[in-house]
Amino acid sequence: MVREAEQRDLDAILELYLFLHEECIPEKSDHLGDTWMQIIQDPNHHLIVNEVDGRIISSCVCVIIPNLTRNVRPYAFIENVVTHEDYRGEGYAGECLEFARQIAEKENCYKMMLLTGSKKPETLRFYEKAGYNSSDKTAFIQWLGMER
């Protein structure tokens, strides 16, 4: 079942992020709690989860960004696409991306953007199959406050 995350989902999402790029679950803190509440209360921030047998096994984030161009239409940014390694290749992340697409369409977005750090051909094919292309734009990243 694909749905938006609820307040009770924090621990499960943090565990799932261990299959993304995180090395450990962040320590419980006021900062973590405040950030979590900011995310789930922001009407433009959609943390999407896919649940199987009561377990969150896949997720992505869709942020709607207001915009003054393109006839004042917003755009969507997709980030943190992840599936638990035991459930990969079953279409769960694709269902999350489709849910994000529905949100973006409902919000009248003119485009969706997604960045991936993966160079794996199967990951790139997955995003292409989901409707994304790597030929229209060039992405640049500047990391702040961290060694890279």
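We use all heavy atoms of the structure for the numbers below, so side chains are in, but hydrogens, waters and symmetry mates are not.
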Contacts of type side-chain contact (heavy atoms from CB on, under 4.5 Å), residue N133, not counting sequence neighbours
S135, D136

Under 4.0 Å between a side-chain nitrogen and a carboxylate oxygen: does that hold for R55 and D86?
no

Across all chains, not counting sequence neighbours, the side-chain contact (heavy atoms from CB on, under 4.5 Å) partners of L124 are T116

Residues forming a salt bridge (charged side-chain N to carboxylate O under 4.0 Å, His left out) with R88, sequence neighbours excluded:
none

Membership question, hydrophobic clusters at under 4.5 Å side-chain separation (ILVMFWY): are I56 and I40 in the same one?
yes

Using the side-chain hydrogen bond (donor to acceptor under 3.5 Å, both in side chains) criterion, which residues pair with E79? Sequence neighbours excluded.
none

Residue pairs passing the ring pair (Phe, Tyr, Trp, His ring centres under 6.0 Å) test where at least one lies in residues 20-64, sequence neighbours excluded:
none

Applying a strict under-4.5 Å side-chain criterion to I, L, V, M, F, W and Y, I'd like to know whether I25 and V49 cluster together.
yes

Could you list the residues that satisfy side-chain hydrogen bond (donor to acceptor under 3.5 Å, both in side chains) with D30, not counting sequence neighbours?
none

Going hydrophobic residue to hydrophobic residue with side-chain gaps under 4.5 angstrom, can you get from L47 over to L114?
no

With heavy-atom distances below 4.5 Å as the criterion, would you say the side chains of R3 and D9 are in contact?
yes

Please identify each residue that fulfils salt bridge (charged side-chain N to carboxylate O under 4.0 Å, His left out) with R8, with sequence neighbours left out.
E6

In the single-linkage hydrophobic clustering (I, L, V, M, F, W, Y; side-chain heavy atoms under 4.5 Å), do L115 and F126 co-cluster?
no

Under 3.5 Å donor-acceptor, S59 side chain and I48 backbone:
yes

Salt bridge (charged side-chain N to carboxylate O under 4.0 Å, His left out) involving E107 - partner list, sequence neighbours excluded:
none

Could you tell me which residues satisfy ring pair (Phe, Tyr, Trp, His ring centres under 6.0 Å) with H84, sequence neighbours excluded, listed by chain and number?
F19, Y87

With T69, which residues qualify under side-chain hydrogen bond (donor to acceptor under 3.5 Å, both in side chains), at least two apart?
N67

Please enumerate all residues that pass salt bridge (charged side-chain N to carboxylate O under 4.0 Å, His left out) together with K111, with sequence neighbours excluded.
none

For N108, all residues meeting side-chain hydrogen bond (donor to acceptor under 3.5 Å, both in side chains), sequence neighbours excluded:
R73

